[in-house]
Protein chains: 2
Amino acid sequence: MATMTAAQRREQARFAYDAFLKECPTNQLLDRISDKWVSLVVSALAAGPMRYSDLGRKIAGVSPKMLTQTLRSLERDGILTRTVTPSVPVRVDYALTPLGHSLSLLLTAVKDWAETHFDEVHRARERHDAEAGETSRAS
Amino acid sequence: MATMTAAQRREQARFAYDAFLKECPTNQLLDRISDKWVSLVVSALAAGPMRYSDLGRKIAGVSPKMLTQTLRSLERDGILTRTVTPSVPVRVDYALTPLGHSLSLLLTAVKDWAETHFDEVHRARERHDAEAGETSRAS
DNA sequence: CTGTATCCCTCCTGATACTG
DNA sequence: CAGTATCAGGAGGGATACAG
């Protein structure tokens, strides 16, 4: 029995962690809104409603798959609305809900933080790398 | 030539996107701080300095590899400090820098948003799923 | 125009075992 | 105690082709 103590303990820990995640679904939500494409879509829509292909153009690097996937999950979560206009060529508009707007405010705040402190991070990074270089050159 | 128009356009778009990312490294930073383990480590450290194994215990589901990896990148970015005390068993403490604290404030805000609006999201989700069921049952 | 379905491939993740 | 090295597995992301 003693031979699998480590594995067992790890499994126990993992189980506890999973349980924690179930009690605290905030983490899921947090993971979702911190998704790469989510922030881009929400920022794009913050300026106003947009059509599918407009979004595809504005975000530029996104594949139709990821765009649709992101849009669907955001619609499901009530972050944005999807409006179909059955004209001759179908037209679909996406717009932020009030909930979506409040989220966009937050994302903007985070973005601001990143912009404000980027210099600091960058300097810390260079200093850190430089010191690493010194260390390896020493000996 | 006409046969690769789509591919070319996509490549152009991708190039433009990459260029945008270089001009706006905020996105990289944003991606980094929205990492799954980053938020957990920063929250854990928000309460005060901790040792390596303490972090491992508190976060519970993390493997030593991911813990070290996360810690290293955060140290490099000046979010936290790593202090080695060369005692008989080596002792290493991790602590948030002022920069790290300001970040923890933001992450807390996001977490608060997630907690506040979780009900709303959940309801939106159920309504959406219910409507989908109705749609498929109609016809 | 607006998506959907498929395949593929890379990166990330995590587990294990070993070192200082 | 505090990591590092290595390897396997899986999920996510992208490209393509096709449908409504």
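In what follows, chains carry the letters A, B, and so on, assigned in the order in which the sequence lines appear, proteins first and then strands, with residues in each chain numbered from 1. Atoms considered below: every heavy atom in the structure, side chains included; atoms not considered: hydrogens, waters and symmetry mates.
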Nearest to side-chain heavy atoms of B/Ser53, which nucleotide of C/dC1, D/dT4, D/dC1: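 Of the options given, the side chain of B/Ser53 lies nearest D/dC1.
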Ignoring the backbone of B/Thr68, work out which of D/dT4, C/dT2, D/dA2 is nearest its side chain.
->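 Selected nucleotide (nearest to the side chain): D/dT4.
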Can you check whether A/Arg123 reaches A/Asp119 side chain to side chain, under 4.5 Å on heavy atoms?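 Result yes, sub-4.5 Å side-chain heavy-atom pair found.
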Q) Under a 4.5 Å cut-off applied to non-hydrogen side-chain atoms, are A/Leu45 and A/Leu55 in contact? A)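 Contact flag for A/Leu45/A/Leu55 side chains = yes.
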Could you list the residues that satisfy side chain to side chain contact (heavy atoms under 4.5 Å, CB included) with [X], not counting sequence neighbours?
X: A/Glu126; value: A/His122
X: A/Leu99; value: A/Ile79, A/Thr97, A/Ser102, B/Trp113, B/His117, B/Glu120, B/Val121
X: A/Arg51; value: A/Asp54, A/Arg91, A/Asp93

(request) Write down the atom of B/Thr68, the atom of B/Tyr52, and the distance for their closest heavy-atom approach. (result)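 Result for this residue pair: OG1-OH, 3.1 Å.
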To the nearest Å, give me how far apart [atom1] ([X]) and [atom2] ([N]) are.
X: A/Ile59; N: D/dG14; atom1: CD1; atom2: C1'; result: 15 Å
X: B/Arg72; N: D/dA2; atom1: CZ; atom2: P; result: 12 Å
X: A/Asp93; N: C/dG3; atom1: CG; atom2: P; result: 10 Å
X: A/Leu71; N: C/dT4; atom1: CG; atom2: C1'; result: 14 Å
X: B/Arg82; N: D/dC1; atom1: CZ; atom2: P; result: 16 Å
X: B/Leu67; N: C/dA15; atom1: CG; atom2: C1'; result: 15 Å
X: B/Leu55; N: D/dC1; atom1: CG; atom2: C1'; result: 13 Å

In sequence, state the C-alpha distance, the side-chain angles, and the governing distance for B/Tyr94 and B/Leu74, and then conclude on side chain to side chain contact (heavy atoms under 4.5 Å, CB included).
-> CA-CA 10 Å; B/Tyr94 293 91; B/Leu74 289 179; over 6 Å; no
Chi angles and distances behind the side chain to side chain contact (heavy atoms under 4.5 Å, CB included) call for A/Leu29, B/Glu115: CA-CA 9 Å; A/Leu29 190 52; B/Glu115 280 167 2; over 6 Å; no
Tell me the bend of the helix from C/dC1-D/dG20 to C/dG20-D/dC1 as the angle between end helix axes, each from five pairs, rounded to the nearest 10 degrees.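 About 50° separates the two local helix axes.
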Item checked: Atom pair NE2/CZ of A/His128 and B/Arg72 - distance to nearest 0.5 Å ->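 Interatomic distance, A/His128 NE2 to B/Arg72 CZ, rounded to 0.5 Å: 7.5 Å.
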Report all interatomic pairs (protein N or O, nucleotide N or O of nucleotides 8-13 of chain D) with separations under 3.5 Å.
from: D/dG13; atom 1: N7; to: A/Lys65; atom 2: NZ; distance (Å): 3.3

>> Please say yes or no: joined through hydrophobic side-chain contacts below 4.5 Å, possibly via intermediate residues, are A/Leu105 and B/Val110 part of one cluster?
In response: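 No.
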Quiz prompt | Residues from residues 41-49 of chain B lying under 4.0 Å of DNA chain C - heavy atoms | solution =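 Under 4.0 Å from DNA chain C: no residue of residues 41-49 of chain B.
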* Between A/Ser73 and A/Thr70, is there a donor-acceptor pair closer than 3.5 Å when you use the side chain of the first and the backbone of the second? ->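 A pair under 3.5 Å: yes.
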Q) Can you find a side chain N or O atom of A/Tyr94 that sits less than 4.0 Å from OP1 or OP2 on C/dT2? A)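 False: A/Tyr94 side-chain N/O out of range (4.0 Å or more) of C/dT2 OP1/OP2.
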| Phosphate OP1/OP2 of D/dA2 contacted by B/Arg51 side-chain N/O (<4.0 Å) |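 For D/dA2, OP1 or OP2 has a side-chain N or O of B/Arg51 closer than 4.0 Å.
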